[in-house]
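Worksheet for the structure shown next.
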Amino acid sequence: MDFFANFLNILLWSLWFFIWISFIFLVIRFVIDVFRDKSIGVFAKILWTLLLVLLPVLGALIYIFARGKGMAERDVADAEAMRAAQVEYTKGLMSEAGPAGEIKAAKDLLDSGAITAEEYEAIKAKALA
C-alpha cells in the first residue's frame, strides 16, 4: 500500500512539474511574440512584458484572449514566408546544379550566338563525362 501511495505522489509531482515547465515556456513564447509584433509601440511592449513577468498567470490569460488571434496570424505569415524562401532556394539549386544545368546554360549560349555548335558539343560532352 505504501508503494502505491509513493508512486502516485511521484506521478502527481511529475505532472505538476511538467505543467510548470510548460507554463514557463508559454510565457516566454508570449514575451517573444510581444517583441515580434510590429503593430504595437514600445510602450505597449513594455507594459505587456511587465504584465507577463510580474503576473504571469493573469497576464497569460489576458494575452491569449486579447492577442491570441494576432499571434496565430503572425505565426501563419512567418510560416508562409519561410516556405516561400525554401521553395525559392530549392528552385535555385535545381536550376544550377548538375550536368543538366550546364547543358541548359550552354544551349542558351548557343541560341544567343555566343558560342558555336562545336563549343556547345564540347561543353555538353564535358558535362556528361
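The chain is numbered in sequence order, starting from 1. Fair warning: this is a prediction, and the values are worked out from it, not measured in the lab.
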Completion exercise
Here the pair of heavy atoms bringing A127 nearest to P99 is O-CB, 3.5 Å

Fill in the blank from the handout: Joining Ile, Leu, Val, Met, Phe, Trp and Tyr whenever any side-chain heavy atoms lie under 4.5 Å apart, the cluster holding F43 also takes in L47

Practice task
Count the heavy atoms of every other residue, nucleotide or ligand shown that sit under 6.0 Å from NZ of K124, and state whether that count exceeds 12.
Solution key: no

Handout entry: Remaining members of hydrophobic cluster (4.5 Å side-chain criterion), L109
Key = I103, L110, I115, Y120, I123, L128

Fill in the blank from the handout: In this structure, CG of D2 is separated from CG of N6 (nearest 0.5 Å) by 4.5 Å

Problem - Nearest-0.5 Å distance that lies between atom CG in L55 and atom CG in L61 - result: 11.5 Å

Problem - Same apolar cluster: L26 and V53, side chain cutoff 4.5 Å - result: no

Fill in the blank from the handout: To the nearest 0.5 Å, atom CG of L58 lies from atom CG of L51 at 6.0 Å

Practice task
With the side chain counted from C-beta on, respond yes when L50 and I46 share a heavy-atom pair under 4.5 Å apart, and no when they do not.
Solution key: yes

Practice task
Kindly work out whether a path of hydrophobic side-chain contacts (I/L/V/M/F/W/Y, heavy atoms less than 4.5 Å apart) joins I40 to L52.
Solution key: yes

Exercise for the section: Of all the heavy-atom pairs spanning V27 and P56, show the shortest one and how long it is. Expected result: CG2-CB, 4.2 Å

Side-chain donor-acceptor distances from residues 69-78 under 3.5 Å, at least two apart:
from: R74; atom 1: NE; to: D33; atom 2: OD1; distance (Å): 3.1
from: R74; atom 1: NH1; to: G70; atom 2: O; distance (Å): 3.3
from: R74; atom 1: NH2; to: D33; atom 2: OD1; distance (Å): 3.4
from: R74; atom 1: NH2; to: D33; atom 2: OD2; distance (Å): 2.6
from: D75; atom 1: OD1; to: R29; atom 2: NH2; distance (Å): 3.0
from: D75; atom 1: OD1; to: R36; atom 2: NH1; distance (Å): 3.0
from: D75; atom 1: OD1; to: R36; atom 2: NH2; distance (Å): 2.9
from: D75; atom 1: OD2; to: R29; atom 2: NH2; distance (Å): 2.5
from: D78; atom 1: OD2; to: R36; atom 2: NH1; distance (Å): 2.9

Problem - V31 reachable from W20 in the ILVMFWY side-chain graph, under 4.5 Å edges - result: yes

Problem - ILVMFWY clustering at 4.5 Å (side-chain atoms), partners of F25 - result: W13, F17, I21

Practice task
With sequence neighbours excluded, tell me which residues meet side chain to side chain donor-acceptor pair (under 3.5 Å) with E88.
Solution key: none

Handout entry: Candidate pair F23 and V57, rule side chain to side chain contact (heavy atoms under 4.5 Å, CB included), full reasoning
Key = CA-CA 9 Å; F23 180 72; V57 175; 3.8 Å; yes

Fill in the blank from the handout: So the side-chain hydrogen bond (donor to acceptor under 3.5 Å, both in side chains) pairs with at least one residue in residues 47-57 (sequence neighbours excluded) are none

Handout entry: T116 backbone acceptor or donor facing E119 side chain under 3.5 Å
Key = yes

